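Keep in mind it's a predicted model, so treat the numbers as computed, not measured. Numbering of ligands and ligand atoms starts at 1, following listing order.
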Amino acid sequence: MSSTIDHSRIQTELKLLFLSTPVGPLGSGLGGGVELTLTNLIQELQRRGHTLQVVAPENSAASNASLVTIPGELQPTAHTQGRASPIIMPGNSALAGMWNYAGRIQQDYDLLVNFAYDWLPFYLTPFFSRSIAHFISMGSLTTAMDQVIHQVALQFPGTIGVYTRTQAETFPFAEYCRCLGSAVDLSLYQFCDRSGPWLVWLGRISPEKGLEDAVAAAQRSQTPLKILGKLEDKDYWRQICKDYPDAPIEYLGFLSTVELQQIVRQCRALLMTPRWIEAFGNVAIEALACGVPVITYRRGGPAGIVREGKTGWLVEPDSVEGLVAAIARIDQLSRRACRQQAEAEYSLTALGDRFEQWFRDILTSRD
Ligand code: UDP
C-alpha cells in the first residue's frame, strides 16, 4: 500500500490536503469554531511555505486557499443526536464525495488532514495509502463515533488531535490524543479600552450552548445583551424569545470575523453558558483579543482559558444567579490584561508550531 514520500520535503515545505467539515459550507458558520481553526491554519501554514488545498462542501468560501468544492447532501450535526444513535449517511452524501475525491488525488499530497467529526473518514483511514491526521473539534457524543476513533487511535498512534485536555478526557482514548489548542489572528481583532453598556453572546444558536441562561441573566441584571451567531435551531430561538419577551436583547445575525469584532470590542463582557463540555470555545479568545473579559460557566474548554479575577469570572455551571453576580463585578477586570493574554497564549505562530510539529511527527512515524 505504501507509496513514496519525498523525505527531503518533510523537513521543509509540506503538501497538505485539508478536508473540511461536511455539516455546512466553509464560511457558513454551521461548522462552528472548527471553521475558524481551519481558516487560521490555512493562513499560518501557507505563510510558512506549505502548499495547501482545501476540500469542502458546495458553496464554501475560503478567500485565502485553493478550494475544491464537492456537491451533495450535508451531514446532520453530531451534537443533535443521542449517545446511542447510529451513523447517518444521506443519499448523495457530500462527505462521501469529498473522501472519494481525496482517495483519487492522495498521491499528490504528503498528508491528508481531516476536520470532520464524522464516522466515514475514520473508517476509511486504513484503506488510504497516505497518512491521515484527524483533528477532532468536539467532545465525546456517540458510542459509534468513540469506537471508530478509538480504532484509528490504536492502529495509527499519534494521528488524533484535539483542542484541549478537558475535551480529550470525554473520550475513552484520552491518552492517545494530542492537544493542539486554538488561536486567533490577532491582527484582525482591535483592542478597545472602553466599552459601551452591552454584554455579548456569540455562537451557534443551539440548545447545547445554553443561550437562555445568558438571556435570563441579561433580564435579571437589566443589562443589554447583543447576540451574534448562526441560527441553527429556529424552534429553540423562538422558545427563548417567548420565554423572555421583555429581556433587553438584540439579535444581529451571523457576522463575518471583521464585523463580529467591531461589535464585540465595544462590549463589557462575553457571556458563555455552555450546557455541554465545550471542546475549546473559540469565541472566548476572540473576545479576549478585543480586550473583552469572559464570564463563563466553570465547564469544558472556556474554564481553562479564563484567568479568574484577571480576564474573566468562572461561574457555577447552570447558575443564572452566578452570572448576574459576575456581571456586577466586570469592572474589577482589566481589558488590557485580556488582550495581553490573547497575545501571549493564542497567537497564530504558536498554533502553526504545534500543528506543523504534529504533521511532521506523523510523517516521520509512518516511515
Ligand atoms: N462566529 C462567527 N460569526 C458570528 C458568531 C460566531 O463567525 O456572528 C464564529 C466564531 O468566530 C467562532 C464560532 O462561530 O469561531 C463558534 O465557535 P466556538 O468554538 O465558540 O463553538 P462551536 O460552534 O465550535 O461549538
Side-chain angles (χ1 to χ4, degrees), residues 20-21 23-43 60-63 77-80 115-117 135-141 162-164 166-167 170 180-186 188-189 198-211 214 225-233 236-237 249-267 270-290 292 294-297 299-306 312 342 346 348 351:
S20 186
T21 166
V23 301
L26 185 56
S28 69
L30 285 168
V34 76
E35 292 187 29
L36 186 71
T37 304
L38 213 154
T39 305
N40 285 337
L41 281 172
I42 293 169
Q43 167 154 337
S60 288
S63 57
T77 48
H79 55 261
T80 55
F115 291 89
Y117 190 104
F135 182 70
I136 305 181
S137 59
M138 290 185 277
S140 170
L141 291 171
V162 294
Y163 276 121
T164 58
T166 322
Q167 175 198 0
T170 65
L180 297 155
S182 194
V184 273
D185 179 350
L186 290 156
L188 296 181
Y189 301 82
W198 316 277
L199 299 167
V200 66
W201 187 96
L202 295 168
R204 289 175 298 104
I205 299 179
S206 181
E208 74 279 7
K209 295 288 188 177
L211 171 59
L225 174 71
K226 291 181 191 274
I227 299 167
L228 280 65
K230 193 79 189 173
L231 198 44
E232 197 175 303
D233 185 335
Y236 170 65
W237 171 241
I249 60 173
E250 186 186 6
Y251 174 55
L252 302 178
F254 176 75
L255 305 185
S256 68
T257 301
V258 173
E259 298 162 327
L260 173 142
Q261 69 88 32
Q262 280 167 1
I263 305 285
V264 173
R265 70 180 190 232
Q266 299 173 33
C267 293
L270 170 72
L271 295 187
M272 292 186 78
T273 44
R275 295 264 181 258
W276 69 346
I277 297 187
E278 191 85 54
F280 185 81
N282 283 286
V283 297
I285 58 175
E286 296 184 270
L288 293 178
C290 298
V292 174
V294 179
I295 294 174
T296 177
Y297 287 153
R299 171 184 277 154
I305 296 170
V306 166
Y346 299 107
L348 280 193
L351 182 79

Inset, instruction - Establish, from distance only, whether the side-chain atoms of Asp233 and Ser206 form a donor-acceptor pair under 3.5 Å. - result: no
How does [X] reach ligand 1, by side chain, by backbone, by both or by neither, if only non-hydrogen atoms under 4.0 Å count?
X      : value
Leu260 : side chain
Lys230 : neither
Met138 : neither
Trp276 : side chain

Legend entry - Any side-chain heavy-atom pair of Leu202 and Leu270 under 4.5 Å: yes
Inset, instruction - Answer yes or no: is there a side-chain heavy-atom contact under 4.5 Å between Trp198 and Gln266? - result: yes
Inset, instruction - Using distance alone, decide if ligand 1 has a nitrogen or oxygen within less than 3.5 Å of any nitrogen or oxygen in Leu36. - result: no
Inset, instruction - Give yes if a backbone or side-chain nitrogen or oxygen of Thr257 is under 3.5 Å from a nitrogen or oxygen of ligand 1, and no if not. - result: no
I'd like to know if the side chain of [X] reaches the main chain of [Y], judged simply by a donor and an acceptor atom lying under 3.5 Å from each other, with no hydrogens or angles considered.
X      : Y      : value
Tyr117 : Leu141 : yes
Ser60  : Leu26  : yes
Glu278 : Pro274 : no
Thr21  : Gly31  : no
Thr37  : Gly33  : yes

Inset, instruction - Could you establish whether Met272 and ligand 1 come within less than 4.0 Å of each other, counting only heavy atoms on the residue side? - result: no
Legend entry - Whether Gly253 lies under 4.0 Å from ligand 1, heavy atom: yes
Can you sort out which atoms of ligand 1 are near [X], meaning under 4.0 Å from one of its heavy atoms?
X      : result
Arg204 : 22 (P), 23 (O), 25 (O)
Leu228 : 5 (C), 8 (O)
Phe254 : 1 (N), 2 (C), 3 (N), 4 (C), 7 (O), 8 (O)
Leu255 : 2 (C), 3 (N), 4 (C), 7 (O), 8 (O)
Gly32  : 13 (C), 17 (O), 23 (O), 24 (O)

Inset, instruction - Considering heavy atoms of the protein only, find what lies nearest to atom 21 (O) of ligand 1 and give residue, atom and distance to 0.1 Å. - result: Lys209 NZ, 2.9 Å
Inset, instruction - Among all protein heavy atoms, pick out the one at the shortest distance from atom 10 (C) of ligand 1; state its residue, atom name and that distance to 0.1 Å. - result: Glu286 OE1, 3.0 Å
Inset, instruction - Pick, from Gly281, Ala287, Gly33, the option with the minimum heavy-atom distance to atom 17 (O) of ligand 1. - result: Gly33
Inset, instruction - Pick, from Val283, Val34, Asn282, Asn40, the option with the minimum heavy-atom distance to atom 19 (O) of ligand 1. - result: Asn282
Inset, instruction - Kindly state if atom 14 (O) of ligand 1 has a protein heavy atom within a strict 4.0 Å cut-off, that is, under 4.0 Å? - result: no
Legend entry - salt bridge (Lys or Arg N to Asp or Glu O under 4.0 Å) assessment of Glu208 paired with Arg275: CA-CA 5 Å; Glu208 74 279 7; Arg275 295 264 181 258; over 6 Å; no
Inset, instruction - Classify the ring geometry between Trp237 and Tyr251 as parallel (under 30°), tilted (30 to 60°) or perpendicular (over 60°). - result: tilted
Legend entry - Basic-acidic side-chain contact under 4.0 Å: Lys209, Glu232: no
